[in-house]
Each structure stands twice: as C-alpha cells, then as structure tokens.
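Working notes, structure below.
Chain letters run A, B, ... following the sequence lines, proteins first and then strands; every chain starts at 1.
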Amino acid sequence: MKNNLNKEQQKAVEHIDGPLLILAGAGTGKTATITHRLAYLVNLGIDPSSILTLTFTNKSAKEMRDRSFSLLDGSLTSSPLLCTFHKFGLLFLQLYIHKLDRQNNFVIIDKSDRTKILKNIDNSLPPSYVSSCISEFKNSGFLSNGENTLSHIKDYEKIISIYKKYEKLLIDDNLLDFDDLILLPFIIMNKFQDVRNEISSKYAYVMVDEFQDTNDLQLNLIKQICSNHNNICVVGDDDQSIYSWRGANIKNILDFDKHFKETKKIILNQNYRSSIEILDFANDIIASNSNRYPKHLKSNIGNKEKVDIIYSNNEHEEGMKIASIINKLRKDGSSMSNMAILFRVHAISRSIEEYLNKFNIPYKIIGGIKFYERAEIKDIIAYFRVIELQDDFSLKRIINVPKRGIGKRSVEKMEIASKKKNMKIFDFIVSSSDSELDEVIGARNRKSAKEFAENIHFLQDIAKSKIKSLSYELESSFSIRDYYESMQDSYNRLANIDEFYSYFSEYIEGDNHSLPSFLNDIALQGEQDNIEDEYLYLMSIHASKGLEFENVMVVGLENGVFPIIAEDVDIEEERRLAYVASTRAKHKLTFFSSQSRLYKGRGTILSPSLFLTKGEEMPFISKKTNNDFKIGDVAKHKVFGFGKVIEIKNENNKEKILINFGGNKRELLSAYVDKV
DNA sequence: TAGAAGCAGATTTTT
DNA sequence: TCTGCTTCTA
C-alpha cells in the first residue's frame, strides 16, 4: 500500500484495537488518515463489512469512499459501510423498526414538513420554536412518554402536549423525522439486547468523522454499537466545533476518554494547507479559548504574504475594495474558484454582491433553499410516494396539486371517514362506492377523486412494467407541467423538475435501483454544492468548513456582526468560527472591517472585531457609563468627527444625544461619543 | 383565491 | 431595510 503519511498519521493508521481519539487540526490530513486506516484494516484481513465509518454529510461520505476504495485497488471482497449517521439509521430501521411494531415502508419527512405538521396541531406557539424544542428533546434521548431534563423550557407543558400529538401523528402515518433516524435505532438497541449484540458484533470496527459535531444522542448510539468491543476510532478537532446550536456537544470530544476508557490520543499538528503567516494568525486567535485541547498547528509553507486587514468607512467602500481586489486577481489570471468570500451572517453579502455585479464578476452564493426543499420538487416526490406507498402525508400534499377541486375541507372529511375505517385515504377513495363517497365529499369532488385514483393506478402499472417512462407518464396523466408553467418563476421551476427527472432516470438505470430505494435515497440527499471554476463563491463560515481556497476574504469583522454579541452567544464558539474561517486559506488571508454598516435596516456604527484588536477595544459591549452631556456641548465621534449637542433624551436607561455634525444631524448613544 | 396591506423579526442550517 | 407570513379585500 503506497502512502506518504507522517509519523503521527501512521501511528493512527496502525492502531487496531481499543478507543482511539485523533485530534486533527485544520488541514492536517484528517481524511487521508481515516481512509488509510480503513485500507490498512482491510489489508490485515479484517472483513470489510465489519468496518463501519460514520460521517455527517453525504459529501464527505462519498469523498472517503472514493479515496479508500482507490487505496484498495478494487481488492475488496465485501464492502465496508461508509455513510452518514442518518443513512445508517435508515438502514438499521429498515431491518429492525418492526421491533417497535412499525412497518418498514415509512416515509422520511424533512424540517419544513415537520413545521407544517406542528402548525396544524397548534399554531399558538411559533412552530419553528416548537420544532427546535422537539429536536432538543429527541437529541438528548428524551422519549415522548419518558423522563427528561428539559423541564425548565418556556411553555414546557404546552410543548410537551404538542409533542405527544406530533408523535402520535408520525406513528399513525408511519412517518419518521430526521431525528428519529438516530433516536429510534438508539431506542431499539437500548431495549433489545439481542439487537445490540448483533449490531455490535457485526460492526467490530467503528470510525467517526468530525466527532466534535456529535450530539448526546449520537454519542449514545455509538456507545451501543461499540458495546461489545470498544473498537472506536474518532477523528475531530475541538477547535472546529461550530454546531453547538444544533445540539453538538463539544464535551463529547473533550471528555472522550471518560466515555471510552483507556483511550489512546494522537494529535495531528502538521498542517499541509496554509502558509506559516496564516497559521500564526489562526493559532493566535484560538489560543484565547480555554475549552480546548492545547495544540499548535505547524506549517512548512512560507510565502511572506501577510494577513491583511482592510478597513472601510462603510459597506459601499468595502464592496468596492473587495470587487477591485478580485478584479485585479482575475486579470492576473487567477481562477475564480481559487477565491472565496466568507461571512458570519448572510445579511451582509448584499452590498458585496452589488459591487461584484458592477464589476461583472461572476459569483454564486452557497446556501439558501436547497434543491430537495423546493416546493415543485417536493410535489413530484409526493407523487412518486403516492404511487409507491399511497401514504396519507404525501397524498394530502398533492391531491389538489394541480387544482382539481378537492380543497382542504374535502380532504379533512375524507381523512376522518378513512380513519374510522382504519384505512389510508387513498384506499378509502378506491374502495368506497360512489354513493358512499358522495356522502363524504359530494358528487363533483367524488368524480375528480376517483379520476385521481385511477390515474395513480395507471402509474403504478407503469412503475412495474416500464419504470423508465414513469416521469413522462406522470406529466401527461396530471398535466403537471401546465400547472407550473402558469406560476411566476416558472422557468426555474420547470428547470428544477427536469433536473429531477434526469436524476431519476439516471438512478433507475443503475444496478438494482427500484422506486422504493430511490425514494429513500433522496430523502437524505442534500444538495451537492460542487465548486465550479468560473465562479467566485460567497458563503457563510459554517458552509466553508472542510473547504480550502488559495485566497480567502472574510468580511464583516466588527463587534456585533462577527463576533455576534448577544446574551446566549458563546464567544468561544465565535472564536472557533474565526479559526475555521482563517484556516480555509492556503496562500492569502484578508479580513475586512467596516466602521459603519447598514444592518437590520439601520445604519450602525461599529467597532473593529475583537478578533482583530485582540479584545483591547470593545465598545459594543462596553460598560462605559453615559457621558454627562449638556445642550451646546462639543462632542467628538470617532467616525463623524466634531459636532454640537442639540438634544438629549433618555430611553430605556440609555442616554441618546442628537448631534449636529456640520449640518448633518445624527442621533447616537452618548456612551459612544466623547465630550470635548 | 390572488393580490394588497400590515406586521414582526432579522445567526449559523451537515441530515 | 427587507423578507416572509398572516389577514384583509374584491
């Protein structure tokens, strides 16, 4: 097996039994190490199918699969399982969900489906808030009928009651949300020792990527899987833990040796990505954190390109500067995809876009609505699901799309009537006589419901006999194209649908690929944001994790923007974000900081981020008391200069003064203005 | 049932 | 300031 690993990486690769924690700093060859280890185990004669590797994203699962398979030169006798946590949960539940008296023809719902369901149950609390509470419950191992440690939550009683209704609805319709894909496997293994033993002996070697991002439930799941052997190898970087707000618990990696006794720890320090200058800066930032394993990244790449900090007076000046720098790089022949613009909050990208447009710089923003979250795609998927499963949830989505007169009330009536008969709505439509159905929804709606069911039956036959033409037949049976054609934004919608169809036909032509497996696969499929050469990419720092660019520009380095300053914000996590952003850069790193910015609809005066000033100056959260201004006093402001105080008022215990700066009147908090 | 008008809320979003 | 959602109106 060819390899050019360093000593520490090699040590990690050759560790076989017992818990191993690999602390891999940014750019230290984490993926190389994990994939080499996988190949190493296989080359020792260990059955590949007994090796389980878990990741968080489809993208990294694919990358690891490709890399480890290429190391193995096709010498595999069986396949190692290398997939996301959620995919593992899905595969598990297909085999074992019957233990909970549920069937394995479940449908996976996404976040917006869940919000919609919650809204229908009770709209008196914000559904998104309830949704995140439910996630929190599920991810801390809370069961709908069990105990919990979260009773301090606001509106607790009410949320629990919504939660119980929600769970009942999921069970009745055999739906699973994303959290269930982890929670239910945990519950099953926890309850049934035989299953736990079976799984643990099947997967005798377990690896987990990005371990710093695991939540409590995932850790517990891993413990179950490893209960027979403790052969657990995790890779991660506590300094890159930036998902605490999604339940990720940094303690999982910091206290790893408490969870798994006799852990061997290997630290990868040698960075192969960034220049010394960039690493010095990044090391310097992260060194201020106390919740971390002390470590210091090293690099042999010196290029004498300093880390730049560029200040601007406002966001326009900043946009202009960024666009001209990029334009110059482009003229010098640099590929657009070698550069990236990163920000903490999407809201500040607008002003930059304005100037990129002015300079004709082609760019793309990563983030926003994902392909599979688009309404038109979800509609088509719902049709496919009705064809395959006839589940109520999908049926309700499309029974009136395109409009066929079966409105909300009619659906409600059918739902009640079908529940009485313990049937799916679809089966109720099919099996009821005309007069029975007329009693529920009236003759006119009965006609279109029956017609709908006939069309679905026809498509079911197509799915069996010539599945390749399913999308074509779906189009013509339901005039779906006409429906979207009439909508605004029809061009994009139709293009999305076409893309979906072509993905479907590609998929279906593969080996052993059926409609059910297609539906399961796409349920967990995120968008593959492939970086294309001809575009400059703009993205949040979160979205940049795992990527690298020659030239990285980070904008909005101002207290209150980055770092965000608020009561519930963990400044250490903000610092980790600064660390992640910095370590994306290979050759050149530039920070932009503006003295004012139009933010949340207001022109705001801002001070340079404490990540740049090392915390020497933090007026945004300063305890400075109000100045004792009088009308007529001369005041000095760091940006607006000298002016005369013309009005003083007190609002919410804050002194505000109106100052005349040479004809320009501005109202400012007096704590930000000096008396002269 | 589409469009207007009014309103709150604005951090990140691997599955 | 802008967006997305709810409520109102024709």
From the candidates B/dT14, B/dT13, B/dT11, the one with an atom nearest any side-chain atom of A/Arg344 is B/dT11

For the pair made of CD in A/Gln218 and C1' in B/dT14, what is the distance, rounded to whole Å?
10 Å

Under the side-chain hydrogen bond (donor to acceptor under 3.5 Å, both in side chains) test, residues paired with A/His316 that sit two or more places apart
A/Tyr355

What nucleic acid atoms does A/Tyr243 come within less than 4.0 Å of, heavy atoms only: base, sugar-phosphate, or nothing?
base

For B/dT15, does either OP1 or OP2 sit under 4.0 Å from a side-chain N or O belonging to A/Lys59?
no

Where the side chain of A/Asn58 is defined as all heavy atoms beyond and including C-beta, which of B/dT11, B/dT14, B/dT15 is the nearest nucleotide?
B/dT15

On the nucleotide B/dT13, are OP1 or OP2 found under 4.0 Å from the side-chain N or O atoms that A/Ser540 carries?
yes

Atom-pair distance (NZ on A/Lys111; P on B/dT12), nearest Å:
11 Å

Taking 4.0 angstrom as the limit, do A/Glu388 and A/Arg385 come out as a salt bridge?
no

In chain order, what residues pass the ring-ring contact (aromatic ring centres under 6.0 Å, His included) check against A/Phe591, with sequence neighbours excluded?
A/Phe281

Toward the 5' end of DNA chain B, which comes first, A/Glu574 or A/Lys545, by nearest nucleotide?
A/Glu574

Given the P atoms of C/dC5 and B/dT12, what is the spacing between them in whole Å?
15 Å

Going by centres under 5.5 angstrom and planes under 30 degrees, do the aromatic ring of A/Trp245 and the base ring of B/dT12 stack?
yes

OP1 or OP2 of B/dT13 sitting under 4.0 Å from any side-chain N/O of A/His346?
yes

Whole angstrom value for the distance that separates C1' of B/dT13 from NE2 of A/His542
8 Å

Please identify the 5'-most and 3'-most nucleotides of DNA chain C with any atom under 4.0 angstrom from a heavy atom of chain A.
C/dT1 to C/dT6

Salt bridge (Lys or Arg N to Asp or Glu O under 4.0 Å) with A/Lys358: which residues, sequence neighbours excluded?
A/Glu354

When we call it a touch if two heavy atoms are under 4.0 Å apart, what does A/Asp179 touch: a base, just sugar-phosphate, or nothing?
nothing

Nucleotide B/dA10, atom C1' - distance to OH of A/Tyr599 in whole Å
7 Å

Qualifying residues under side-chain hydrogen bond (donor to acceptor under 3.5 Å, both in side chains), relative to A/Tyr363, sequence neighbours excluded
A/Glu353

Can A/Lys30 and A/Glu210 be counted as an ion pair, charged N to O under 4.0 angstrom?
yes

Pairwise P distance, B/dT13 and C/dG4 [rounded to whole Å]
15 Å

Starting at OH of A/Tyr483 and ending at C1' of B/dT1, how long is that distance when rounded to a whole Å?
12 Å

Using atom CD1 of A/Ile182 as one end and atom P of B/dT14 as the other, report the distance to the nearest whole Å.
15 Å

Could you work out, with ring-ring contact (aromatic ring centres under 6.0 Å, His included) as the rule, every residue matching A/Tyr599, not counting sequence neighbours?
none

